[in-house]
Amino acid sequence: MRVVDIITKKRGNILNPQGEELTKEEIAFLIDNYCNGNIPDYQISAWLMAVYFNGMTFQETANLTNSMLHSGDVIDLKNTDTLKGSFVDKHSTGGVGDKISLPLAPIVAACGAKVPMMSGRALGHTGGTLDKLDSITGYRSRLNSDEFRYVLAQCGFAMTGQTKEIVPADRLLYALRDVTGTVESIPLITASILSKKVAEGSDCLVFDVKFGSGAFMKTPEAAENLANSLVKTAHTMDKKASAILTNMNTPLGRKIGNFLEIEETIECLQGNGPKDVMDVTFALGAEMLTHVGLAKSFEDGVELCKKQITNGKALELFLKNVELQGGDTKKLMADVGKRRSVYMRKIIAKENGYLSLDAYKTGLASVSLGVGRSKTDDDVFADAGIILHFIEGDKVKAGDVLMEVFGKDEKCFDSSLPILENAIKITFEKVQTTPLILKTLR
Ligand code: URA
């Protein structure tokens, strides 16, 4: 096989500008030899650009996902005596105030499923589940595979980061896509996300594909294309999968930050969570439970999830997980409602009207406050964040405290407050918004 022939096959020509479908062997040849260092960056870059313009069929995307998946470790969670049952995970394309994994995992585990969660860290304007968990004193968000299995067996869910051995092809390809203008390709995004999720050992996957200013996909149409590709490609790989399209034009919940989002998670598990967070959590939970056969229908799944809040089981499991992963549960519960950065400002409404709050700008401001990172080696600050006293659509009066803002130091307010002021709009008439949950693709 010659690399240039594979590139031109995908690129096409004047008679066939769409190019042709690559075979499983051709795709494996490219990925294996790129990872071994036998194919140079410039040839893979040309192939990535051909894929960017001509796309891939679901079968090709599935073959690419499979080749990437086998570039590193594939975790077999079933291959142990202590771990039984169905494994189900969810993946979110990321957003602002998106702490859904934190209440969702214990709720679904309390219903009897196993939830092996491998999450990421904050980057850009979106937060990261692992940074949030690391704000719990003592919590270890990096587990080795034996520890991961142990925690999963003991409390039904475990939280860790991806190791370097999971899908090394994705790290290489992503770095190249980043500098060749080929990140925004639906089949490449699909293979990147799916290869990591399948390598982590789940039988069933539920995707929370967000649309809006604070999302990776800005429009509902773009989000639907990605969701459709994720679900169809997963089905081609014989995985159960579905996707929910959810709104990320405004932050989720009322708390944005690292410890602040842990605090909001506890409120959710105590039955006092914000409606938007609970609605998305129950919808994803119900999908997960139907996939593993623990719920007869979506509606039955929602009821089962709600029950785990009222009977206290989900909170019990969350605290058990914190303890198993080294966290101090007494200090955690004592900190709720109290642990705040000493650097604080209030943002006051300047006029009467209806509030809208842009997710992207709020996310950028939170990075300046110290919640997230601009570069992968930046530090994050556990106690930085924002408490929203009013949310999108609320009626406000001049003088109302719209939000409390907590920073890593005094200086960070110089950059973050102007961004936040810019994220806020108060209008005479209520702005029409797209629904929180737009549709489900199965
Ligand atoms: N997230 C991923 O994991 N991969 C992509 O390519 C884009 C978003």
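For reference, positions follow the sequence shown, starting with 1. In each ligand, atom 1 is the first atom listed, and ligand 1 is the first ligand listed.
Remark: minimum distance from atom 1 (N) of ligand 1 to any protein heavy atom is reached at Ile193 CG1, 4.0 Å.
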Distance-only criterion, 3.5 Å: show the donor-acceptor pairs between side-chain atoms of residues 67-74 and protein atoms not counting sequence neighbours.
from	atom 1	to	atom 2	distance (Å)
Ser67	OG	Asn63	O	3.2
Ser71	OG	Met68	O	2.6
Ser71	OG	Ala169	N	3.1

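Across every non-hydrogen atom of Met118 and Phe148, the tightest pair is CE-CE2, 4.1 Å.
Contacts of Tyr360 classified as ring-ring contact (aromatic ring centres under 6.0 Å, His included), with partners at least two apart in sequence or in another chain: His125.
Listed by number with element, the atoms of ligand 1 under 4.0 Å from a non-hydrogen atom of Ser192 are 2 (C), 3 (O), 4 (N), 5 (C), 6 (O).
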Show the numbers, then the answer: is there a side-chain hydrogen bond (donor to acceptor under 3.5 Å, both in side chains) between Gln325 and Glu147?
-> CA-CA 9 Å; Gln325 298 206 202; Glu147 291 169 331; over 6 Å; no
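Among Lys197, Arg177, Met217, Lys196, the residue whose heavy atom lies nearest to atom 6 (O) of ligand 1 is Arg177.
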